[in-house]
Each structure stands twice: as structure tokens, then as C-alpha cells.
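Only one structure is covered here, and it is reproduced in the block below.
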Protein chains: 2
Amino acid sequence: MTQKDDFDLREFLPYLLNQAAEISSQSFQRIYKGRYGMLRTEWRVLFHLAIYERMTAKDICEKAIMHKTKVSRAVQRLEQRRYLQRKPDEKDRRHEWLTLTSQGRTVYEDLRAHAQQHDQVLMQKLSTEEITVLRGALNALSQP
Amino acid sequence: MTQKDDFDLREFLPYLLNQAAEISSQSFQRIYKGRYGMLRTEWRVLFHLAIYERMTAKDICEKAIMHKTKVSRAVQRLEQRRYLQRKPDEKDRRHEWLTLTSQGRTVYEDLRAHAQQHDQVLMQKLSTEEITVLRGALNALSQP
DNA sequence: GGTTGTTAGTTACATTTTCAACTATTACCA
DNA sequence: TGGTAATAGTTGAAAATGTAACTAACAACC
């Protein structure tokens, strides 16, 4: 009998994180999909732009941990729907600055309200202290 | 100034969970992909079978929170590589019992060792107490 | 027993994602 | 200055995923 048998994959952090992330995202996904036909990639780009105001696609890649082709296509679709605007950087025309249109901000505000509600439901499953520790731990694990 | 401005999506649990899950999964993904050319779906089916010994595809869907078509295709590929065997249920031939072959178990043991290592690296980012609370919270959030 | 409904699992097709190659622009440096 | 390297972002083809329709087997009710 060796020591390796002590390790149970049911306690493997990436597994637990994935299950929790999956389940807690699902019902919210139905909201942005149902209301605006948005994909998860688009929702993520949208709210990053709302939070940080003005970003390049590359900034979004880094903050949101998304591949650049994913971001590129999400930006295209959000632009088509007039949720965002692109403006090339004057100094370095490889960069494009992205900002939400007022229409994009309206959509964002609506979704944010739903997100807040959704978050409250999730937090009811936890104690105040658990929530604090959880947030801290998730932030720590998100540093690569 | 309304209350809604208090809610910052950077603290939205599904977002934090997703970031942590994504980052903590990435380096491990390179391992099963690099060593065995496996996809995440296949890895998940493999280790569920290793843990529970004998399951139907439906059991896996429920435990792993995966859609049945994902499971169906992962099972097909694992069978082609001779990592698992199917056996129809005698009583109810709609059910198929799945078990790992010895080859599948060997692969699993190898990956489990790597997972354990990986888990230890992740846990170094956290205190013992954080780990305990985190596990509890993730389990709570995984109840749908 | 036969009709209807349900369940486990697969398949076809559409959508999304990934990977690699590509363009356009700027940086570096001999 | 010119040539190579690096960077931001896009695109096309291949792979993976999601959706809905399907098959096969069983259940339930008349």
C-alpha cells in the first residue's frame, strides 16, 4: 500500500473549481443568451470594456484570459450590433482602442443587474466568512 | 447615486470561479494532452471511471456535469484507444456499463500522479484554512 | 397484445473554438 | 538607411461542441 492512494481526484482543485464555475455560470448564461443572443465570449468582452472603459483587444486577452482569436471574433460581433466602437491608436496604428457605445452600456447595465441578483442567490449558499475566504482564495489562484 | 453602483463584476462569483478554474486547469491540460493526446472531456470521463469503477454514460453525465453527446464521443475515443470497455446491461439493454481496461488504469495512475503534484503547487498559494474553506464552498456551489 | 410514452445513447448538422498562417505596423540594430 | 525581428490583430481550415432529431429498448396503460 503506497502513499499515492491518499490522493482523491474528487478533491483536485481544478476539478472542484471547474464544477463550481460550470454550475454557477449556467443559469446566468441563459440570461445573456436569452435576452441578447450573446455568447459567453461576447458577454465577457462586454463587461471588461464596461469596467475598464477603454482597452485594446490585447488588454482583454490578458485580463479575461481569452485567446486573441476568440476576442477578435467577439469584438467583431459586438461591433456589428453597435455595442462597441473601435478607434485606432494615433501613435501606434497596430493598436485599436475599444469602447462601448451608449447602446452597449445600456445592455451592460441590464445584464449587470441580473448578475447582481444571480450573485446574491449564489451567496445564499455560503456564510459571510466563507464568501470572504472564497474570494481571497480565488484571487490567489488566479495569479498565474 | 443609486445602490447598483456598489456591485462590481470583478467580484461576481461566476467570474472569479471561471478565472481560477481556467488558470488552474491550463497547465494540467498540457500534461494529459501532451502525454496522451487527450481532450479535457476524455480526461474527465477517464478519471470518473477510475474513481467509481463502473458507470453508465448517464452516470457520468450527472457526476461530471457533461452533456450526453460530449460523454458519448469521449467514450468512443477512449474505447478506440482501448482505455475502456463497454458491456451492455443484461437486464436492460439500453444501459451500457463502462469500465477501464488495465491500459486505461495505467494511464489514469500516471495522470493522477501528475495531478497530485499539480494540486500541491496550487495549494502552496493558499493557507491550510483557506484550503478547507475553499473546498467546502466549492462543494456548496456545485449543488445545483 | 398493441399503442403511447420514456429513457439511454448515437448521429447529423450548425455553431463555436482552436491552430497556424497571414497582414500590417513598429522596434531594433548593424 | 535597410533588413530582420517583434507585436496587434485577422482569417481560413480543422477540430470540438451544442442542438435537435434519431434509433433501440423498455414501461405503462388500455
Side-chain angles (χ1 to χ4, degrees), chain A residues 18 21-23 25-30 32-34 36-46 48-49 52 54-81 84-99, chain B residues 18 21-22 25-27 29-30 32-34 36-46 48-49 52 54-81 84-99:
Chain A
N18 198 65
E22 199 56 40
I23 289 182
S25 297
Q26 271 174 1
S27 57
F28 187 61
Q29 180 167 9
R30 279 192 288 276
Y32 54 73
K33 192 170 178 181
Y36 302 103
M38 284 170 68
L39 302 173
R40 194 193 291 216
T41 50
E42 293 160 32
W43 152 245
R44 300 188 75 201
V45 167
L46 183 84
H48 274 84
L49 282 175
Y52 296 102
R54 184 166 171 280
M55 303 174 91
T56 66
K58 177 158 208 220
D59 295 336
I60 299 176
C61 292
E62 284 163 8
K63 279 280 178 202
I65 319 173
M66 291 168 64
H67 195 270
K68 60 182 180 175
T69 61
K70 258 186 176 174
V71 172
S72 172
R73 282 167 174 139
V75 166
Q76 278 175 31
R77 295 189 53 173
L78 292 171
E79 190 190 24
Q80 279 165 16
R81 291 170 202 202
L84 65 76
Q85 271 182 326
R86 322 162 92 119
K87 198 181 334 178
D89 186 302
E90 289 301 320
K91 305 255 157 97
D92 184 342
R93 264 163 303 169
R94 288 173 303 182
H95 296 82
E96 270 194 331
W97 292 102
L98 307 171
T99 47
Chain B
N18 198 66
E22 198 57 38
S25 296
Q26 273 175 359
S27 58
Q29 181 167 9
R30 278 192 288 277
Y32 55 73
K33 193 169 177 183
Y36 303 103
M38 283 170 70
L39 302 172
R40 195 193 290 213
T41 50
E42 294 161 31
W43 152 246
R44 300 188 75 200
V45 168
L46 182 84
H48 275 84
L49 282 175
Y52 297 101
R54 185 164 170 282
M55 305 173 91
T56 66
K58 178 159 207 219
D59 296 335
I60 299 176
C61 293
E62 284 163 7
K63 280 279 177 201
I65 317 172
M66 290 168 65
H67 196 270
K68 61 182 179 174
T69 59
K70 256 186 176 176
V71 172
S72 172
R73 288 189 259 238
V75 166
Q76 277 175 33
R77 295 190 52 173
L78 292 171
E79 190 191 25
Q80 278 165 15
R81 291 171 202 201
L84 66 75
Q85 270 182 328
R86 323 161 90 118
K87 200 182 331 180
D89 185 300
E90 289 302 319
K91 306 253 157 99
D92 184 343
R93 262 163 304 167
R94 287 173 303 182
H95 299 264
E96 272 194 330
W97 292 103
L98 306 171
T99 47

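Every chain is numbered from 1, with letters handed out A, B, ... down the list of sequences.
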(message) Can you identify which nucleotide, out of C/dA8, D/dT7, C/dA20, has its nearest atom closest to the A/Arg94 side chain?
(response)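 Closest nucleotide among those given: D/dT7.
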
(message) Looking at the base of C/dG9, is there any donor atom on it, or on the side chain of B/Arg86, that sits under 3.5 Å from an acceptor on the other one?
(response)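 By the distance-only test, no, there is no pair.
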
Would you say a side-chain N or O of [X] is under 4.0 Å from OP1 or OP2 of [N]?
X	N	answer
A/Lys33	D/dT19	yes
A/Lys58	D/dG9	no
B/Ser72	C/dT10	yes
A/Lys70	C/dT15	no
B/Gln76	C/dT11	yes

Grab the [atom1]-[atom2] distance between [X] and [N] for me, whole Å please.
X	N	atom1	atom2	value
A/Ile60	D/dA8	CD1	C1'	13 Å
B/Glu62	C/dG9	CD	P	10 Å
A/Met66	C/dT16	CE	C1'	12 Å
B/Met38	D/dA16	CE	P	13 Å
B/His67	C/dA8	NE2	P	13 Å
A/Arg93	C/dT23	CZ	C1'	15 Å
B/Arg30	C/dT18	CZ	P	14 Å

What does [X] touch in the nucleic acid at a heavy-atom separation under 4.0 angstrom: a base, only the sugar-phosphate, or nothing?
X	result
A/His95	sugar-phosphate
B/Lys68	base
B/Arg40	nothing
B/Arg77	sugar-phosphate

(message) Taking the nucleotide of DNA chain C with the nearest heavy atom to each, does A/Glu42 or A/Asp92 sit closer to the 5' end?
(response)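 The 5'-side residue here is A/Glu42.
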
(request) For A/Asp89 and for A/Arg73, locate the closest nucleotide of DNA chain C by heavy-atom distance; then report the residue assigned to the nucleotide nearer the 5' terminus. (result)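 Nearer the 5' end of the strand: A/Arg73.
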
(message) As an exercise, state the distance from CD of B/Glu42 to CD of B/Gln76, rounded to the nearest 0.5 Å.
(response)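 It comes to 10.5 Å.
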
(message) I'd like to know if the side chain of B/Arg81 and the backbone of B/Tyr36 have a donor-acceptor N/O pair within less than 3.5 Å.
(response)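 At least one qualifying donor-acceptor pair exists.
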
(request) Please check if atom CZ in B/Arg93 has more than 12 non-hydrogen atoms from other residues, nucleotides or ligands closer than 6.0 Å. (result)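 Check fails, neighbour count at 12 or below.
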
